[in-house]
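Notes to accompany the following structure.
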Amino acid sequence: DVCTCTAGEEQSAVSVLSSGPSATAEPPRATLDATQQSTPDTQQSTESQSLPQPSYHSTLGNRQQSTVSGAVPVTTTHSQPPPTTSQQSTLDIDDYFDVVSELDDVAHVWKSLGGALRLRPSTLARIKADHQQDSSSCLEKMVTMWLNQSYNTERFGLPSWKMLVEAVAHRNGGNNNALAIRIATKYKVPAPAQN
């Protein structure tokens, strides 16, 4: 059963085998067209996936959360309450009638009280000379001079209810501790120390 072929027939058989379907043969036209048509869509889909998209949901969610919770920062401090107006403010001539009305019980010792409020001796002597032993007038003038800061404010401080309370209580001033406590309670300043 051995096939005997001539040289020409063998060459013809080889050429037939070599001319068979090639691995690099062009694909069918329909398949190529489908591939080309799907390529732009695939590229567009890929590009749209790669671009960052705004997160409307998260922004809206945050806004709603801010609206619901108020989102107002609240600072909580545990410090002492702020001092009252009487404690932190100074007195001036506008407080004249309030001050004078509290001092009726010590009008007779106005000069000692003026000294405790740090008025200079020369100022007190001038007041005494001008008002000829009238205690009420001397007290009123002394209070006016004190509220107008006619003393060394840099050394002794500005006029205040606290300073007045201490002067009224001082034994070399008003020497009236009960009155000092009453004024301190009314104007919410510390009670006087024992002098």
Open item on the list: Minimum heavy-atom separation for Pro159 and Gln149, please, with both atom names.
Closed with: CD-CG, 3.9 Å

Task: Same apolar cluster (I L V M F W Y, side chains within < 4.5 Å links), Val100/Ile93 - done: yes

Open item on the list: Would you say Leu158 ends up clustered with Val189 if hydrophobic residues are merged whenever their side chains have heavy atoms under 4.5 Å apart, either directly or through other cluster members?
Closed with: no

Task: Side-chain touch Ser160/Tyr187, heavy atoms, less than 4.5 angstrom - done: no

Open item on the list: Quick one: does any side-chain atom of Asp95 pair with a main-chain N or O of Asp92 as donor and acceptor, under 3.5 Å?
Closed with: yes

Task: Lys141 side chain reached by Asp130 side chain, heavy atoms, under 4.5 Å - done: no

Open item on the list: Out of the candidates Val143, Thr144, Ile183, only one should pair with Val99 under the side-chain contact (heavy atoms from CB on, under 4.5 Å) rule; please name it.
Closed with: Val143

TODO: Of all the heavy-atom pairs spanning Ala169 and Pro192, show the shortest one and how long it is.
DONE: CB-CB, 3.5 Å

Open item on the list: Side chains of Asn152 and Arg118, heavy atoms from C-beta outward: is any pair under 4.5 Å?
Closed with: no

Open item on the list: Any heavy-atom pair between the side chains of Leu113 and Leu139 that's under 4.5 Å?
Closed with: yes

Task: Separation of Ser135 OG from Lys111 NZ (nearest 0.5 Å) - done: 12.0 Å

Task: Non-hydrogen side-chain atoms of Trp146 and Leu91 separated by less than 4.5 Å - done: yes

Task: Candidates His131, Lys128, Glu140 - the one meeting side-chain contact (heavy atoms from CB on, under 4.5 Å) with Trp110 - done: Lys128

Task: Taking every non-hydrogen atom, the tightest pair across Met142 and Leu119 - done: CG-CD1, 3.4 Å

Task: Option among Asn176, Asp105, Val168 that satisfies the side-chain contact (heavy atoms from CB on, under 4.5 Å) test with Arg182 - done: Asp105

Open item on the list: Rounded to the nearest 0.5 Å, what separates atom CG in Leu117 from atom OG in Ser150?
Closed with: 12.0 Å

Task: Nearest atoms (heavy-atom pairs only) where Ala184 meets Ala191 - done: CB-CA, 4.1 Å

